[in-house]
Amino acid sequence: MAILIIADHDNNQIKSGVTNAVACATKIGGDIHVLIAGSACAGAATAAAAIAGVTKVLVADAAQYAHPVAENLAPLVVGLAKNYSHVLFPASASGKNTAPRVAAMLDVAQLSDVIAVESADTFVRPIYAGSAFATVQSTDAIKVMTVRATGFDAVAATGGAGVIENIAAGADTGLATVTGQELSKSDRPELVDAKRIVSGGRGLGDGDKYRQILEPLADKLGAALGASRAAVDAGFVPNDYQVGQTGKIVAPELYIAIGISGSIQHMAGMKDSKVIVAINKDAEAPIFQFADYGLVGDLFTLVPELTAAL
Amino acid sequence: MKILVPVKRVVDYNVKVRVKADQTGIELANVKMSMNPFDEIAIEEALKLREAGVATEIIAVSVGVTQCQETLRTALAMGADRAILVETNVEVQPLGVAKVLKALVEKESPQLVILGKQAIDDDSSQTGQMLAALLGWSQAAFASKVVVSGAEATVTREIDGGSETVQLKLPAIITADLRLNTPRYATLPNIMKAKKKPLDIITPESLGADVAPRLKTLKVVEPPKRKGGVMVADIAALVDKLKNEAKVI
Ligand SMILES: Cc1cc2nc3c(=O)[nH]c(=O)nc-3n(C[C@H](O)[C@H](O)[C@H](O)COP(=O)(O)OP(=O)(O)OC[C@H]3O[C@@H](n4cnc5c(N)ncnc54)[C@H](O)[C@@H]3O)c2cc1C
Ligand SMILES: Nc1ncnc2c1ncn2[C@@H]1O[C@H](COP(=O)(O)O)[C@@H](O)[C@H]1O
């Protein structure tokens, strides 16, 4: 049995989530190979080869993979898939974009957001925004799935000795082209990697207050900044700050929810955090049912007080 | 051009779902069902394209049990022109739905299919991408902006760490993210009018589509509950707990 992992990367580095997918593959058992489809991506290939447990890295280096679109990536993966029992993608936006396209081309089902491995064909995944966990068995010959990072402790990014092998790139289908990208830049840790997250909701009032109140606290803690959908919809912060069922899934050591009520959809994205702190003026807010430490009061006085106390 | 919009009937997003005691699934008896929220956004986008003169006809489609007619009536009340129910009692999964939709696309020849990005019951987020694969079409999943001109669509889509713009050749598949638009409500007169709009009922077999499930659900359980926490009186107490009890700062 061999397992192929389709890595997210920026041509130089591997994105977080890949080492968690490798951890999932280790649980399934078998030879673990990683595919790097990129353009001038030797750095990413070297990084993938160093991941503990990876035995081979397949590199498809071509201009059309500079910003790989699913239309071009999927045929490449499908061409390789017959040699594998499992094809794993991190459950990132790019994995979720491509994995179903690969599965349908192979005429197999796809499993989304796998959080545990029961056996080589049976997996656990959350449904209904994490309100239930389903144990699901696949009857297909090739299991195509996306792996939720928070379900698996990452393996070491170093110590592996994978062999790097160049493979032929697939054709450019010409169906879709990326014409622009807007990535939010920040000196803070990425939300999905952060050990600590300070997250703000509608209670912050507006974008200026969000930054004024939360940034000093995040700076003190070395934390990433997150938000509820209400805060994103109201334009306090960009989309990629959103934590929840339809945003990022995070599980930091410390998650501080400020002015967030604790909807099912928000909790779906952060309830696996080790320690949850909630600051909310409404003692009845549902967030207090999940929080390890709750503090009732006005965030505009409490948060600066907390920042000063650290 | 025609636009096809698949809409799924799901447990309303406000319902707190319960796992069945025998662990076979979710309790669905007497539970409020609604159109998947992302599909309302998909319908709205199609309506906007019709209002902008790009689309000429909007066809709403649902695959599932006979009650999906209610979901389709909602789509018609929002403004879709006609509806098709592909009726089946089989537990449909994304690959099966994609096969049904492929057959319908071949029959109806739309230039665009706009789906929701994810159904909030199975949380799969697969059907649109699978349909694109089966048809060999281009895809823009997780769209937050759509502009159609001539034989191309320019779509802004949400990616890890930001957004990107893709240029797609039509025909194409788009899946709607939350921020694409705010769906309109169906007004009472439009709900009345919707009752007279055409709603055809066909079967997957008549389309030659195989909807047999490939994934078998062995059991459904409640996730481990977080232990109820404690309330602290003030910031000093909170900092003390974080330092000395949780040891996270
Ligand atoms: C299909 C779908 C998907 C969704 N996906 C997501 C998702 O991924 N992530 C997500 O977060 N939401 C999601 N939502 C939205 C979700 O249902 C809630 O509407 C949203 O999470 C609420 O955000 P909030 O807690 O910031 O706002 P509210 O619920 O309005 O809560 C604001 C809180 O701030 C408190 N507050 C106000 N002022 C102060 C003050 N001065 N001091 C202290 N506390 C104060 C209030 O007491 C209140 O509890 C989704 C919804 C749908 C339908
Ligand atoms: N049974 C169904 N009937 C109609 N549309 C569906 C059905 N299942 C999924 N869809 C469409 O596919 C989208 C994504 O669903 P999923 O892949 O299940 O997360 C939904 O938002 C709908 O637009």
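As the structure is a computational prediction, the values presented were derived from the model and not from experiment. Values reported hereafter were calculated over all heavy atoms of this structure, with side chains retained and with hydrogens, waters and symmetry mates removed. Order of the sequence lines fixes the chain letters, A, B, ..., with proteins taken first and strands second; residue numbering starts at 1 for each chain.
- Contact annotation for A:K274: both backbone and side-chain heavy atoms come within less than 4.5 Å of a heavy atom of chain B.
- Counting only residues at least two apart or in different chains, salt bridge (charged side-chain N to carboxylate O under 4.0 Å, His left out) contacts with residues 33-44 of chain B comprise B:E44-B:R184.
- Contact of A:L254 with chain B is made through the side chain alone, with heavy-atom distances under 4.5 Å.
- The nearest pair of heavy atoms linking B:D160 to A:S92 is OD2-CB, 3.4 Å.
- The pair B:R226-A:D292 meets the salt-bridge criterion, with a side-chain N (NZ, NE, NH1 or NH2) lying under 4.0 Å from an Asp/Glu carboxylate O.
- Rounding to the nearest 0.5 Å gives a distance of 10.5 Å between CG of B:L215 and OG1 of A:T122.
- Chain A forms more heavy-atom pairs under 4.5 Å with one residue of B:D234, B:D177, B:V166 than with any other, namely B:V166.
- Annotation for A:S131 and B:P223: closest pair O-CD, 3.1 Å, computed over non-hydrogen atoms.
- The backbone N or O of A:Q110 lies less than 3.5 Å from a partner atom in the side chain of B:Q126, making a donor-acceptor pair.
- Only the backbone of A:D272 comes within less than 4.5 Å of a heavy atom in chain B; its side chain stays farther off.
- Counting heavy-atom neighbours within 6.0 Å of B:K145 NZ, excluding the residue itself, gives a total of 12 or less.
- Between chain B and the options A:K96, A:E182, A:K248, the largest number of non-hydrogen pairs under 4.5 Å is found for A:E182.
- If you check the side chains of B:Q118 and A:T246, you find no donor sitting under 3.5 Å from an acceptor.
- Neither the backbone nor the side chain of B:A98 comes within contact range of chain A; no heavy atom of the residue lies under 4.5 Å from a heavy atom of that chain.
- Between A:P126 and B:D123 there is no side-chain heavy-atom pair separated by less than 4.5 Å.
- Contacts of B:A233 with chain A are made by backbone atoms alone, with heavy-atom separations under 4.5 Å and no side-chain atom involved.
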Please determine whether side chain to side chain contact (heavy atoms under 4.5 Å, CB included) holds for the pair A:Q242 and B:E158, giving the CA-CA distance in whole Å, both sets of side-chain angles, and the decisive distance to 0.1 Å. CA-CA 12 Å; A:Q242 183 177 316; B:E158 303 198 355; over 6 Å; no
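- Contact annotation for residues 5-21 of chain B against chain A (heavy-atom separation below 4.5 Å, listed by residue number): B:V11, B:Y13, B:V15, B:K16, B:V17, B:V19.
- Neither the backbone nor the side chain of B:P94 comes within less than 4.5 Å of any heavy atom in chain A.
- Within the 4.5 angstrom heavy-atom criterion, atoms from both the backbone and the side chain of A:L302 approach chain B.
- Heavy atoms of A:L310 lying under 4.5 Å from chain B belong exclusively to its side chain.
- Contact annotation: the side chain of B:R214 approaches that of A:D107 to within less than 4.5 Å [non-hydrogen atoms, C-beta and beyond].
- Taking chain A as the reference chain and counting heavy-atom pairs below 4.5 Å, the highest number among B:K225, B:K117, B:E152 is found for B:K117.
- Taking CE from B:M231 and OH from A:Y293, the interatomic distance works out to 13.0 Å, rounded to the nearest 0.5 Å.
- For A:Q265, the part sitting under 4.5 Å from any heavy atom of chain B is the side chain, from C-beta outward, and nothing else.
- Of the two parts of B:K99, only the side chain, counted from C-beta on, holds a non-hydrogen atom closer than 4.5 Å to a non-hydrogen atom of chain A.
- Options B:V239, B:I159, B:I120 differ in how many heavy-atom pairs under 4.5 Å they form with chain A, and the most are formed by B:I120.
- Ranked by heavy-atom pairs under 4.5 Å with chain B, the list A:T177, A:L183, A:V275 is led by A:T177.
- Atom CG of B:D121 is separated from atom CD1 of A:I127 by 8.0 Å, given to the nearest 0.5 angstrom.
- Put simply, the side chain of B:L95 does not reach to within 4.5 Å of the side chain of A:V108, judged on heavy atoms.
- By the neighbour-count criterion of 12 heavy atoms within 6.0 Å, atom CD of A:E190 is sparsely surrounded, having that number or fewer from other residues, nucleotides or ligands.
- The minimum heavy-atom distance linking B:V248 with A:R196 is given by the pair O-NH2, 2.8 Å.
- Residue with the most contacts toward chain B among A:N239, A:D121, A:T179, A:D240: A:N239 (heavy-atom pairs, distance under 4.5 Å).
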Distance-only donor-acceptor pairs under 3.5 Å for side chains of residues 130-144 of chain B, two or more places apart:
{"unit_1": "B:S138", "atom_1": "OG", "unit_2": "B:K169", "atom_2": "O", "d": "2.9"}
{"unit_1": "B:Q139", "atom_1": "OE1", "unit_2": "A:R101", "atom_2": "NH1", "d": "2.9"}
{"unit_1": "B:Q139", "atom_1": "NE2", "unit_2": "A:N97", "atom_2": "O", "d": "2.9"}
{"unit_1": "B:Q139", "atom_1": "NE2", "unit_2": "A:N97", "atom_2": "OD1", "d": "2.8"}
{"unit_1": "B:S144", "atom_1": "OG", "unit_2": "B:T156", "atom_2": "O", "d": "3.4"}

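- Of the listed residues (A:Q289, A:E253, A:Q137, A:H67), the one with the most heavy-atom contacts under 4.5 Å to chain B is A:Q137.
- With a 4.5 Å cut-off on non-hydrogen atoms, A:A134 touches chain B through its backbone and its side chain both.
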N/O donor to acceptor pairs below 3.5 angstrom from side-chain atoms of residues 23-33 of chain B, sequence neighbours left out:
{"unit_1": "B:T24", "atom_1": "OG1", "unit_2": "B:D22", "atom_2": "OD1", "d": "2.7"}
{"unit_1": "B:T24", "atom_1": "OG1", "unit_2": "B:D22", "atom_2": "OD2", "d": "3.4"}

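- Counting heavy-atom pairs closer than 4.5 Å to chain B, the top-ranked of the candidates A:T173, A:V69, A:I276 is A:I276.
- With a 4.5 Å cut-off on non-hydrogen atoms, A:T146 does not touch chain B at all.
- Counting only heavy atoms from C-beta outward, the side chains of A:E71 and B:L168 approach each other to under 4.5 Å.
- Within 6.0 Å of the CD atom in B:Q167, the count of heavy atoms belonging to other residues, nucleotides or ligands exceeds 12.
- Looking at A:V192, neither its backbone nor its side chain comes within 4.5 Å of chain B, counting heavy atoms on both sides.
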